Asker: 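Sharing a structure with you now.
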Amino acid sequence: MAQELKFKGTALFTGRQLLPGSMVLITTNSGKVLDIVHESSAGEDVRLLNGIITPGFVNTHCHLELSHMKGVIPEGTGLPAFLTSVMEKRGQQDHAAQQEAISRADVAMWESGISAVGDICNGTATLAQKQHTKLYYHSFIESMGFIPAAAQSRYDYSMDILHQFRTLNSPMHTCSVVPHAPYSVSSELFALLAGTPDNTPVSIHNQECEAENTLYQDKTGAFLDFYAHFGMDASAFTPPGTNSLPAWLPWFKHLPVILVHNTYSTASDIAFTKEQAPKAWWCLCPQANLYIEKRLPDVALLRSHASAITLGTDSLASNHSLSVWQEIQAIRKQFPEISLEEILQWATLNGAEALGITHTYGGFEKDKQPGITLISETESRRIL
């Protein structure tokens with residue numbers, strides 16, 4: 001018979017609700033949830049903890065493969081300049097240094113209380129780490145190509161990477177092929193990606209900077225210089241005269257889709273999404289938004305539309321750590337009117353729902369094994 005472990009903190013968050021400190025979480029020694037009971041019924045050997053007990057966090061947007069780029073790109077450059085630096089500098093460290101940085105970041109996420117990660121992959125750099133990690137990963141194989149004539153070759157390249165990740169064949173890993181962003185994916189490539197069978201969830205970088213919207217409104221802005229810098233022919237692109245989101249979202253309206261960043265999403269964008277894509281999730285990466293654009297999404301606007309929100313860390317190229325708790329702290333600092341209970345649901349249950357893994361993660365429900373995290377004002381750390 002499995003040994004019972006009992007945990008009592010200053011409060012207990014279930015994934016949906018913040019319970020008082022009189023409640024005790026009971027699990028097996030492997031972390032499978034058995035029950036939540038009042039301390040008067042818990043019996044002996046209750047472990048007393050100084051902090052709030054919560055299910056393991058779900059980081060719905062990460063770029064583990066960029067972990068070797070910590071501190072390489074200065075803050076506040078704006079997105080087009082940031083992307084230029086990433087593309088030009090990401091290959092400057094050798095393979096061994098990149099693998100060591102990936103391993104360190106993976107372990108740090110686990111120790112900080114993250115249990116599951118939606119991870120962006122442009123290649124197979126993280127494949128080795130995912131063969132023996134303790135974290136659950138959904139690898140989003142990112143496809144990009146703005147030139148229509150290259151759509152099929154770019155799609156085939158991404159599908160080859162997807163097949164390599166599928167060889168992991170682990171219950172701790174799933175994967176799908178997804179578009180990078182509206183400014184880097186042609187309509188032809190969008191169509192190929194949308195037609196990929198058995199391919200969920202979808203993730204996309206959405207409206208991270210103003211230039212994305214102006215590109216789609218009237219084909220002006222900083223992305224024209226970005227294309228010219230890399231010798232990309234953007235002549236085939238015809239602006240639809242709208243913000244970017246209404247132009248591409250209908251491709252994926254039938255699928256679960258995670259919209260990442262949303263720094264320049266408007267009320268009309270949010271209303272359009274609610275109508276067209278009922279399975280959409282809005283992933284916030286506040287520290288990366290501040291790092292790159294020095295601006296945050298309109299969180300109050302998202303909440304006023306009852307939008308489903310999740311949290312992500314982005315990469316160490318655009319953040320100082322991969323800590324969901326630090327993302328929560330950043331939101332609490334900027335939006336003190338939002339309750340901790342609500343933000344913790346974004347970081348646990350909502351993230352698990354977005355990745356389709358609520359059978360195991362996101363909450364302290366019987367027979368789930370979501371991981372156990374302890375949070376205080378200064379840190380989060382894994383308990384089990």
Side-chain angles (χ1 to χ4, degrees), residues 59-93 97-98 101-102 105 117-123 125-126 140 142-146 178-185 203-216 219-232 234 237 243-245 248 258-265 282-298 311-323 326-327 330-331 334:
N59 177 1
T60 51
H61 184 76
C62 182
H63 295 252
L64 187 64
E65 66 189 10
L66 297 182
S67 297
H68 63 297
M69 294 190 69
K70 184 176 183 179
V72 171
I73 303 173
E75 298 184 38
T77 64
L79 185 66
F82 174 83
L83 291 171
T84 300
S85 294
V86 170
M87 292 172 69
E88 292 179 341
K89 297 177 180 179
R90 66 184 299 164
Q92 291 182 356
Q93 286 196 40
Q98 184 184 22
I102 286 170
V117 183
D119 188 46
I120 301 294
C121 305
N122 292 119
T126 61
F140 292 111
E142 200 166 63
S143 190
M144 63 182 77
F146 202 59
V178 301
H180 167 249
Y183 54 79
S184 64
V185 175
S203 173
I204 184 170
H205 295 80
N206 177 62
Q207 296 173 311
E208 193 174 355
C209 67
E210 187 175 21
E212 179 180 310
N213 282 332
T214 60
L215 176 69
Y216 273 71
K219 203 174 179 177
T220 61
F223 276 116
L224 298 183
D225 295 331
F226 175 82
Y227 301 144
H229 178 81
F230 287 103
M232 297 167 58
F237 176 73
N243 279 356
S244 60
L245 184 142
W248 66 263
I258 301 171
L259 310 170
V260 182
H261 293 303
N262 318 301
T263 323
Y264 288 81
S265 298
W282 300 81
C283 175
L284 307 181
C285 305
Q287 297 206 118
N289 301 150
L290 293 170
Y291 192 109
I292 298 171
E293 288 276 330
K294 294 190 178 299
R295 174 183 169 124
L296 291 171
D298 193 335
L311 298 182
T313 62
D314 211 41
S315 75
L316 286 175
S318 58
N319 205 336
H320 300 289
S321 71
L322 303 181
S323 165
Q326 290 191 20
E327 302 299 326
I331 292 170
Q334 299 291 332

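Just so it is clear, the model here is predicted, and its values are computed rather than measured. In what follows, residues are counted from 1 in the order of the sequence shown. What's counted below: heavy atoms across the whole structure, side chains too, no hydrogens, waters or symmetry copies.
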Asker: Do Leu215 and Ser244 come within less than 4.5 Å of each other through their side chains, counting heavy atoms only?
Answerer: no
Asker: Could you report the tightest heavy-atom contact between Gly76 and Lys294, atom names first, then the distance?
Answerer: CA-CE, 3.8 Å
Asker: Assign the ring pair Phe82 / Tyr291 to parallel, tilted or perpendicular, where the plane angle (0 to 90°) is split at 30° and 60°.
Answerer: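 Phe82 vs Tyr291 ring planes: perpendicular.
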Asker: For Ser85 and Thr77, run side-chain contact (heavy atoms from CB on, under 4.5 Å): C-alpha distance rounded to whole Å, both residues' side-chain angles, the deciding distance at 0.1 Å, then the answer.
Answerer: CA-CA 10 Å; Ser85 294; Thr77 64; 5.9 Å; no
Asker: What I'd like to find out is whether the side chain of Trp248 reaches to under 4.5 Å of the side chain of Ile204, using heavy atoms alone.
Answerer: yes
Asker: Atom CD1 in Ile120, atom OG in Ser315: separation rounded to 0.5 Å?
Answerer: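 Between atom CD1 of Ile120 and atom OG of Ser315 there are 10.5 Å.
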Asker: In terms of the angle between their ring planes, are His261 and His61 parallel, tilted or perpendicular, with boundaries placed at 30° and 60°?
Answerer: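 If you compare the ring of His261 with that of His61, the planes turn out perpendicular.
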Asker: Would you say Asn289 and Arg295 make side-chain contact, with heavy atoms under 4.5 Å?
Answerer: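 In short, these two side chains do not touch, never coming nearer than 4.5 Å.
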Asker: Going by distance alone, is a donor N or O of one side chain under 3.5 Å from an acceptor N or O of the other, for Thr263 and Glu293?
Answerer: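 Side chains of Thr263 and Glu293: no pair found under 3.5 Å.
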Asker: Could you give the distance from OH (Tyr264) to CG (Leu79), rounded to the nearest 0.5 Å?
Answerer: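 One gets 9.5 Å once the value is rounded to the nearest 0.5 Å.
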Asker: Do Glu88 and His229 have side-chain heavy atoms sitting under 4.5 Å apart?
Answerer: yes
Asker: Which distance, rounded to the nearest 0.5 Å, do you find between the CG of Asp119 and the CG of Asn59?
Answerer: 8.5 Å
Asker: I need the minimum non-hydrogen distance between Ile331 and Pro286, along with the two atoms involved.
Answerer: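 The pair with the smallest heavy-atom distance is CG1-CG, 3.8 Å.
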Asker: Quick one: does any side-chain atom of Asn262 pair with a main-chain N or O of Gln207 as donor and acceptor, under 3.5 Å?
Answerer: no
Asker: Looking only at heavy atoms, which two atoms of Lys219 and Ala234 are closest? And how far apart?
Answerer: NZ-O, 2.9 Å
Asker: Assess whether atom CD of Glu210 is packed by more than 12 heavy atoms of other residues, nucleotides or ligands within 6.0 Å.
Answerer: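 At most 12 heavy atoms, drawn from other residues, nucleotides or ligands, come within 6.0 Å of this atom.
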Asker: Got a second to check how far Asn206's CG is from Glu208's CD, nearest 0.5 Å?
Answerer: 9.5 Å
Asker: Within this structure, what is the CE-OG distance for the pair Met69 and Ser318, rounded to the nearest 0.5 Å?
Answerer: 10.0 Å
Asker: Over all heavy atoms of both residues, which pair between Phe140 and Thr60 is shortest? Give the atoms and the distance, please.
Answerer: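 Of all heavy-atom pairs spanning Phe140 and Thr60, the closest is CE1-O, 4.2 Å.
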Asker: With a 4.5 Å cut-off on side-chain heavy atoms, are Leu296 and Leu290 touching?
Answerer: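 A side-chain contact under 4.5 Å exists here.
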Asker: For Arg90 versus Asn122, what's the shortest heavy-atom pair and its separation?
Answerer: NH1-OD1, 3.5 Å
Asker: SG/Cys283 to CD1/Ile258 distance, rounded to the nearest 0.5 angstrom?
Answerer: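 Answer rounded to 0.5 Å: 7.0 Å.
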Asker: Checking side chain to side chain donor-acceptor pair (under 3.5 Å) for the pair Glu327/Gln287: CA distance, chi angles, key distance, verdict?
Answerer: CA-CA 6 Å; Glu327 302 299 326; Gln287 297 206 118; 3.3 Å; yes
Asker: So, Tyr216 side chain and Pro182 main chain: donor-acceptor pair closer than 3.5 Å or not?
Answerer: yes
Asker: Do Pro80 and Asp225 have side-chain heavy atoms sitting under 4.5 Å apart?
Answerer: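 Counting from C-beta outward, Pro80 and Asp225 never come under 4.5 Å.
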Asker: Establish, from distance only, whether the side-chain atoms of Asn319 and Thr313 form a donor-acceptor pair under 3.5 Å.
Answerer: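 No, no side-chain donor-acceptor contact under 3.5 Å.
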Asker: Can you confirm whether Thr214 sits close enough to Phe223 that some side-chain heavy atom of one is under 4.5 Å from a side-chain heavy atom of the other?
Answerer: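 Result no, sub-4.5 Å side-chain heavy-atom pair not found.
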Asker: Indicate the ring-plane relationship of Phe237 and Phe146, choosing parallel, tilted or perpendicular according to the 30° and 60° boundaries.
Answerer: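 Rings of Phe237 and Phe146: tilted, 30 to 60°.
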Asker: Any idea which heavy atoms bring Glu212 and His205 closest together, and the distance?
Answerer: OE1-O, 4.3 Å
